Protein chains: 2
Amino acid sequence: MQKRLDRMLDKLKARDFRITPQRMAVVKILAAGYGHPTVESIYEKVRKNFPTISVATVYKTVTLLKELNEVLELGFPQGSNRYDGSKPYPHPHLICTECGKIVDPDLASLTDMTQELISDTGFHIVSHRLDFFGVCPDCQRKKRKA
Amino acid sequence: MQKRLDRMLDKLKARDFRITPQRMAVVKILAAGYGHPTVESIYEKVRKNFPTISVATVYKTVTLLKELNEVLELGFPQGSNRYDGSKPYPHPHLICTECGKIVDPDLASLTDMTQELISDTGFHIVSHRLDFFGVCPDCQRKKRKA
DNA sequence: CTGCATGCAAATAGTTTGCATGACG
DNA sequence: CGTCATGCAAACTATTTGCATGCAG
């Protein structure tokens, strides 16, 4: 999505961060948000055009954008983190435990739940994370064949 | 909760796992479930009675009970995992970002959401995880003073 | 007694950091 | 041109694993 890319670049420029070719490449992938990539997969893609880039640089850019609230990090202790630059705010996820596919379902009722929580517990709620784990239709088919 | 402890021990015995003193100590702490402990905090507690126990043993017992579905693991990539043996099924959590306190709020509407998801996406849903992050009342007070 | 559990130490994986070199603005 | 970004390698942390010894059943 072009709008996301522009917004991310604007925010970087506004805070005087440099737009290097490597950063541009990483930001483009994150802005597209397709498939909720890992750092490793971003690294592999960027490497085709910038063979000298290091994973460290990808980590640094991803972390920078996370701090600017332009990327959502989905942390997984049992595997690599996934990143979403197209919807950088907390939202529900549907994760296939077979192939790792991540889908964004439509679930509107979360805002109501958050309101209910605030009055019930007195917490000042800053963020949330909702993950459903299951097997996607594609993997269900594969399993039936096997 | 005594009921949880008995159930965990029964399940271990039923599958011919040995009830060693170390295991008993770890299982007791998990069954109580108080505060959603880390492996490290379980280790420190057990060490008072069993000075020779190792973290590896705690990890092994926790992992075993997780596989028997008698402990819920809350994975945190930026910190240590937390464990809940009193409610070993997926449920919402409210986590203080200041002190790490974890509270179990009452939120019934999740089952409805899960049903909605299944018909919308075709996923076979196995589990979920819902975390709200915020600042608990205690830490809000402390911040005001500071 | 016999095999599973323990506990030490070493390995692992993902991520972060230090620092010398390079290039954006 | 000065400063920030890059990229290599080393550090770090939580967790897992290998293996010799010990103890529960």
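Numbered from 1 within each chain, the chains take letters A, B, ... in sequence-line order. Fair warning: this is a prediction, and the values are worked out from it, not measured in the lab.
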Seminar exercise, completed: DNA chain D nearest-nucleotide lookup for B:Thr20 and A:Arg23: closer to the 5′ end is A:Arg23

For this session: Provide, to the nearest angstrom, the distance between the OH atom belonging to B:Tyr59 and the C1' atom belonging to D:dG18.
Result: 18 Å

Exercise. What integer distance in Å separates B:Leu9:CG from D:dG25:P?
Worked result: 11 Å

Exercise. Got a donor-acceptor pair under 3.5 Å from the side chain of A:Lys60 to the base of D:dG7?
Worked result: yes

For this session: Flag yes if more than 12 heavy atoms outside A:Asp106 fall under 6.0 Å of its CG atom; otherwise flag no.
Result: no

Exercise. When all nucleic acid strands are considered with a 4.0 Å heavy-atom cut-off, which category describes B:Thr57: base, sugar-phosphate, or nothing?
Worked result: base

For this session: Using atom CZ of A:Phe17 as one end and atom P of D:dT6 as the other, report the distance to the nearest whole Å.
Result: 11 Å

For this session: Measure the distance from CD1 on A:Ile19 to P on D:dT6 and round it to the nearest whole Å.
Result: 10 Å

For this session: Ignoring backbone atoms, establish whether A:Asn81 has a side-chain N or O less than 4.0 Å from OP1 or OP2 of C:dG14.
Result: no

Exercise. With a cut-off of 6.0 Å (strictly less than), are more than 12 heavy atoms of other residues, nucleotides or ligands near NZ of B:Lys11?
Worked result: yes

Exercise. In whole angstrom, what separates B:Leu64's CG from C:dT6's C1'?
Worked result: 14 Å

For this session: Answer with base, sugar-phosphate or nothing: what part of the nucleic acid does B:Pro51 contact at a heavy-atom distance below 4.0 Å?
Result: nothing

For this session: Find which nucleotide of DNA chain C each of B:Arg18 and B:Thr52 is nearest to by heavy atoms, and output the residue with the more 5' nucleotide.
Result: B:Arg18

For this session: Give a yes or no on whether a salt bridge exists between B:Arg82 and B:Glu73, defined as a side-chain N under 4.0 angstrom from a carboxylate O.
Result: no

Exercise. Does the cation-pi check pass for A:Arg129 over A:Phe76, that is, NZ or CZ under 6.0 Å from the six-membered ring centre and within 45° of its axis?
Worked result: yes

Exercise. What is the nucleic acid contact for A:Gln22, judged by heavy atoms within less than 4.0 Å: base, sugar-phosphate only, or nothing?
Worked result: sugar-phosphate

For this session: Decide yes or no on ring pair (Phe, Tyr, Trp, His ring centres under 6.0 Å) for A:His91 and A:His128, but give the supporting numbers first.
Result: CA-CA 7 Å; A:His91 60 274; A:His128 72 258; 8.5 Å; no

For this session: Check the distance between C:dT15's P and A:Ile42's CD1 and give it to me in whole angstrom.
Result: 11 Å

Seminar exercise, completed: To the nearest angstrom, the NZ-C1' distance between A:Lys13 and D:dC4 comes to 17 Å

Seminar exercise, completed: Side-chain contact check for B:Ser80: nearest option of D:dT15, D:dC19, C:dT15 is D:dT15

Exercise. Whole-Å distance between C:dG7 P and B:Tyr43 OH?
Worked result: 9 Å

Exercise. Base, sugar-phosphate, or nothing: which does A:Asp16 touch, judged by heavy atoms less than 4.0 Å apart?
Worked result: nothing

For this session: Measure from the side-chain heavy atoms of A:Pro21 and tell me the nearest of D:dT15, C:dC24, C:dC8.
Result: C:dC24

